[in-house]
Amino acid sequence: LQISRLGTEAVTMMPSYAFGTQWDKDVIQWIILMGTGFLLFISDTQFWFSLGCSVLGTFAAIQQRGCGLEGFASLFFGKKLFLLPQNFCNKVLHYMSLDDSSVYFFMLWDKIIEYWHYEDKVGQIMAGNLSFYGRVAGEDWGSVKQNLDEQYQASDDSLRVSYPYIFQELSPMDRTIGRNLRLLPDAHWPTNPDVLWRLNAIARSLTLQMPRPFRSPYMPVFSVIIPHYGETILMVKKDLFKETSAPASVDGAQATVLGRGRHVKGVPLIAWLEHRYSDEFEAFSARMGSIHKGMWVCDDGHSVTQPYEYCPHCPRRARRRLCEVKDGWPNCGTRWDKYKDKHWEELCEWASMRSQTLWRTVAGMTLYHQALQIHHQLQPDRGSSMYTKDFPISEIFTCMVSMQMYAFFDNTFLQHTNKMLDHFEDSLCIAYIDVRDPTPDDNGAFRNSATADGVHKKQDRRYYSCLIDKHCDYDGEMDASPTSAISTDSMIGSPTSGKRPDSRRRIPRYRVELPGYPILGDGKGDNQNHAIIYSRGIFSQCIDANQGAYFEQMLLLPCVFGEFRRNTGPNGQDGSKKIVGFPEHITSDFGSIGDFAAGAETAFGTILQRSYALLGARMHYGHPDMMNKCFMIQQGGVSKATKTVNLSEDIFAGMD
């Protein structure tokens with residue numbers, strides 16, 4: 001097309017082109033071509049649809065939080081934190097009297113602070129400033145799991161309530177300068193960004209309209225399903241820190257970080273985690289020092305907890321040298337080569353809680369167990385015939401990890417799996433796919449099991465869906481030579497012969513034979529759907545193996561169940577919800593990729609989904625959504641992953 005491009009003609013040639021017949025025709029053709037291209041561009045990217053949903057979602061958020069000045073003040077100026085105790089007692093502790101709910105809220109809030117202290121989000125001093133009673137344990141997992149009655153005795157005279165400074169109402173100027181802008185130091189206000197986000201999230205969520213919560217023993221039964229293939233379960237030392245005996249020239253900064261005497265190639269992962277979470281590592285070191293206290297004794301039997309050279313209790317002229325009998329936590333900071341193997345077990349667990357590991361996901365999801373136990377203790381219907389004081393929470397909650405490759409795990413993966421089962425509550429179980437090949441008879445010939453069982457002759461290999469938990473017995477002894485990575489050729493359908501060297505697996509409690517090769521799609525959808533038969537209850541929540549959860553958010557679970565109550569419409573139709581969505585908190589928002597993932601989650605998982613909810617729909621984003629399992633089974637399953645058809649196995653939940 002011989003079209004004169006606007007702005008490319010010379011100035012001297014403009015009079016000959018301007019407003020001529022050829023120029024007018026060229027301008028019209030140019031506008032048509034560019035306009036068509038621009039229309040196709042915005043249609044392909046769904047620009048207007050996303051923009052409209054974003055505007056609608058913004059207005060929906062304003063409407064949900066109140067359009068008046070009081071709602072805006074509560075949303076933008078921090079008044080929601082001042083109203084947090086009142087909102088929690090009214091909406092979550094709904095069935096308790098005002099006096100009882102206030103007292104138990106004090107205990108419950110201190111329990112939340114204990115979890116923060118155990119997660120090393122706050123130190124001992126800050127935990128005391130944030131608590132009501134001023135005595136926060138949370139040093140180890142055993143103290144965190146204690147019931148409120150065990151931890152706070154009614155006859156304990158030392159329980160004196162001191163209202164935390166964060167719940168005191170401040171003027172907008174003091175709140176803006178001291179807390180939001182941090183221009184003035186405030187010893188009572190936490191500085192950890194994760195704690196600040198969690199405070200804001202729990203306070204903001206309590207300002208929304210919430211349905212009446214369920215109460216024990218009428219709590220619905222539900223399950224959490226976590227698909228797992230070959231993701232890291234628990235970090236190991238050689239993934240965090242690799243030593244080399246060869247000397248290397250490093251500068252002073254690297255020598256401080258890496259330690260002296262031994263050198264490593266590059267910056268180890270543990271050093272990067274310590275640099276990013278420096279305040280949390282300091283809280284972790286202080287907590288480990290209070291748990292692992294060293295002990296030194298002399299020949300005369302005197303014992304001290306400080307590494308003196310001579311015993312301070314012996315006479316001055318006959319002082320004995322001290323001998324170490326119990327190793328405490330070393331005060332070596334970031335000199336990683338000074339830590340012993342038993343110290344690295346704690347360091348690996350600390351690093352795993354700050355990485356994308358299955359341990360972090362299970363640790364978060366099993367917090368449902370503690371939350372339900374607290375609700376059963378605080379506000380049950382004691383007049384019900386179904387009420388029992390020692391109600392097993394594992395009867396109404398199941399956290400199930402669908403481990404597709406458990407049958408092919410090496411020793412390291414098996415050790416981490418067994419440690420995970422032993423560490424967490426008995427509501428944790430594991431579903432996996434097992435493979436059985438035909439076995440030879442006494443003459444060495446393989447038995448034709450296909451003919452005996454009446455199946456196809458090429459179906460000698462059998463596939464089973466199995467379930468194990470912490471109460472299952474072991475199948476053999478642990479091999480003494482552990483490895484660290486899952487085998488790359490350990491796929492479903494890989495041949496196995498002879499006795500497995502890492503035979504310390506658990507004997508399955510249930511074994512259900514599958515009709516054939518179970519992986520029909522891209523893997524993850526089939527991994528979730530085969531485990532559905534072991535899930536309990538009518539509600540399920542699908543979680544990815546790179547996520548976590550917060551204890552204070554788990555306490556809102558009874559209110560979430562209220563969203564599924566049957567709401568009969570004007571014509572008698574069932575108006576109960578089938579999917580309830582939850583926003584995600586992206587904690588790996590460092591770097592351009594992390595910023596893009598966090599922005600995409602905010603746009604798609606929060607703003608757009610709020611617009612879809614107003615339109616009566618919910619596009620399942622996969623990870624944190626809770627859904628009606630019975631409805632989803634009839635509508636195509638909780639996940640679809642048909643090869644070459646569905647790009648995302650998560651979005652197509654409940655679509656037949």
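Both backbone and side-chain heavy atoms feed into the values below; hydrogens, waters and symmetry mates do not. This structure is a prediction, so every number in the text was calculated from the model and none was measured.
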Quiz item: So, Ser427 and Tyr368: side-chain donor and acceptor under 3.5 Å apart, yes or no?
Solution: no
Quiz item: Going by atom types only, do Asn192 and Glu280 share a side-chain donor-acceptor pair under 3.5 Å?
Solution: yes
Quiz item: Given the side-chain rings of Phe167 and Phe82, with only the six-membered ring counted for Trp, is the space between their centroids under 6.0 Å?
Solution: no
Exercise. Could you tell me if the ring centre of Phe222 sits under 6.0 Å from that of Phe561?
Key: yes
Practice problem: Applying side-chain contact (heavy atoms from CB on, under 4.5 Å), run through Leu421 and Leu428 and close with a yes or a no. | Solution: CA-CA 7 Å; Leu421 288 173; Leu428 176 63; 4.0 Å; yes
At their closest point, which heavy atom of [X] faces which heavy atom of [Y], and how far apart are they?
| X | Y | answer |
| --- | --- | --- |
| Trp109 | Ile166 | CZ2-CD1, 3.9 Å |
| Tyr387 | Lys389 | OH-CA, 3.9 Å |
| Met365 | Phe397 | O-CZ, 3.5 Å |
| Ser143 | Glu114 | O-OE1, 4.2 Å |
| His375 | Val92 | CE1-CG1, 3.6 Å |
| Trp116 | Val195 | CZ3-CG1, 3.6 Å |

Practice problem: Evaluate the side-chain contact (heavy atoms from CB on, under 4.5 Å) criterion for residues Glu231 and Gln356: first the C-alpha distance (whole Å), next the side-chain angles of each, then the deciding distance (0.1 Å), finally the verdict. | Solution: CA-CA 8 Å; Glu231 295 86 355; Gln356 293 188 358; over 6 Å; no
Output yes when a side-chain donor or acceptor of [X] lies under 3.5 Å from a complementary backbone atom of [Y], and no otherwise.
| X | Y | value |
| --- | --- | --- |
| Arg565 | Pro211 | no |
| Asp110 | Tyr133 | yes |
| Ser394 | Asp426 | no |
| Thr398 | Met400 | no |
| Arg354 | Trp350 | yes |
| His530 | Ile519 | no |
| Asp544 | Asn546 | no |
| Thr361 | Gln547 | yes |
| Tyr95 | Pro213 | yes |
| Gln404 | Ser402 | no |

What is the distance from atom [atom1] of [X] to atom [atom2] of [Y], rounded to the nearest 0.5 Å?
| X | Y | atom1 | atom2 | answer |
| --- | --- | --- | --- | --- |
| Ile468 | Arg505 | CD1 | CZ | 10.0 Å |
| Leu84 | Leu206 | CG | CG | 5.5 Å |
| Lys629 | Ser223 | NZ | OG | 5.5 Å |
| Glu349 | Met235 | CD | CE | 13.0 Å |
| Leu98 | Gln86 | CG | CD | 8.5 Å |
| Cys466 | Leu514 | SG | CG | 8.5 Å |

Exercise. Run the salt-bridge test on Glu425 and Lys470 with the 4.0 Å N-O cut-off and return the result as yes or no.
Key: no
Quiz item: Is it true that Lys342 and Glu345 have a side-chain N and a carboxylate O under 4.0 angstrom from each other?
Solution: no
Quiz item: Going by the angle between their ring planes, with limits at 30° and 60°, are Phe284 and Trp329 parallel, tilted or perpendicular?
Solution: perpendicular
Practice problem: Fit a plane to each ring of Phe413 and His228, take the angle between them on a 0 to 90° scale, and name the class: parallel (under 30°), tilted (30 to 60°) or perpendicular (over 60°). | Solution: tilted
Over 12 non-hydrogen atoms of neighbours within 6.0 angstrom of [atom1] in [X]:
| X | atom1 | value |
| --- | --- | --- |
| Tyr104 | OH | no |
| Tyr510 | OH | no |
| Ile125 | CD1 | no |
| Gln209 | CD | no |

Determine whether [X] and [Y] make a side-chain contact, defined as any pair of heavy atoms from C-beta on separated by less than 4.5 Å.
| X | Y | answer |
| --- | --- | --- |
| Arg436 | Arg511 | yes |
| Ile233 | Met403 | yes |
| Gln370 | Met554 | no |
| Phe551 | Ile374 | yes |
| Lys91 | Leu556 | no |
| Glu395 | Arg536 | yes |
| Arg360 | Ser352 | no |
| Lys419 | Trp359 | yes |

Quiz item: Do any pairs count as a salt bridge (charged side-chain N to carboxylate O under 4.0 Å, His left out) and have a residue in residues 192-203, sequence neighbours left out, and if so which ones?
Solution: Glu119-Arg198, Lys121-Asp194, Arg198-Glu552
Exercise. Please assess His369 against Gln373 for the test side-chain contact (heavy atoms from CB on, under 4.5 Å), listing each intermediate value before the final yes or no.
Key: CA-CA 6 Å; His369 190 104; Gln373 189 173 10; 4.1 Å; yes
Exercise. With Tyr406 as reference, evaluate Val401, Leu414, Ile433 under the side-chain contact (heavy atoms from CB on, under 4.5 Å) test and give the passing residue.
Key: Leu414
Quiz item: Partners of Asp422 by side-chain hydrogen bond (donor to acceptor under 3.5 Å, both in side chains), sequence neighbours excluded?
Solution: Arg506
Practice problem: Starting from the C-alpha separation in whole Å, work towards a yes-or-no answer on side-chain contact (heavy atoms from CB on, under 4.5 Å) for Met626 and Glu563. | Solution: CA-CA 10 Å; Met626 189 175 295; Glu563 297 283 355; over 6 Å; no
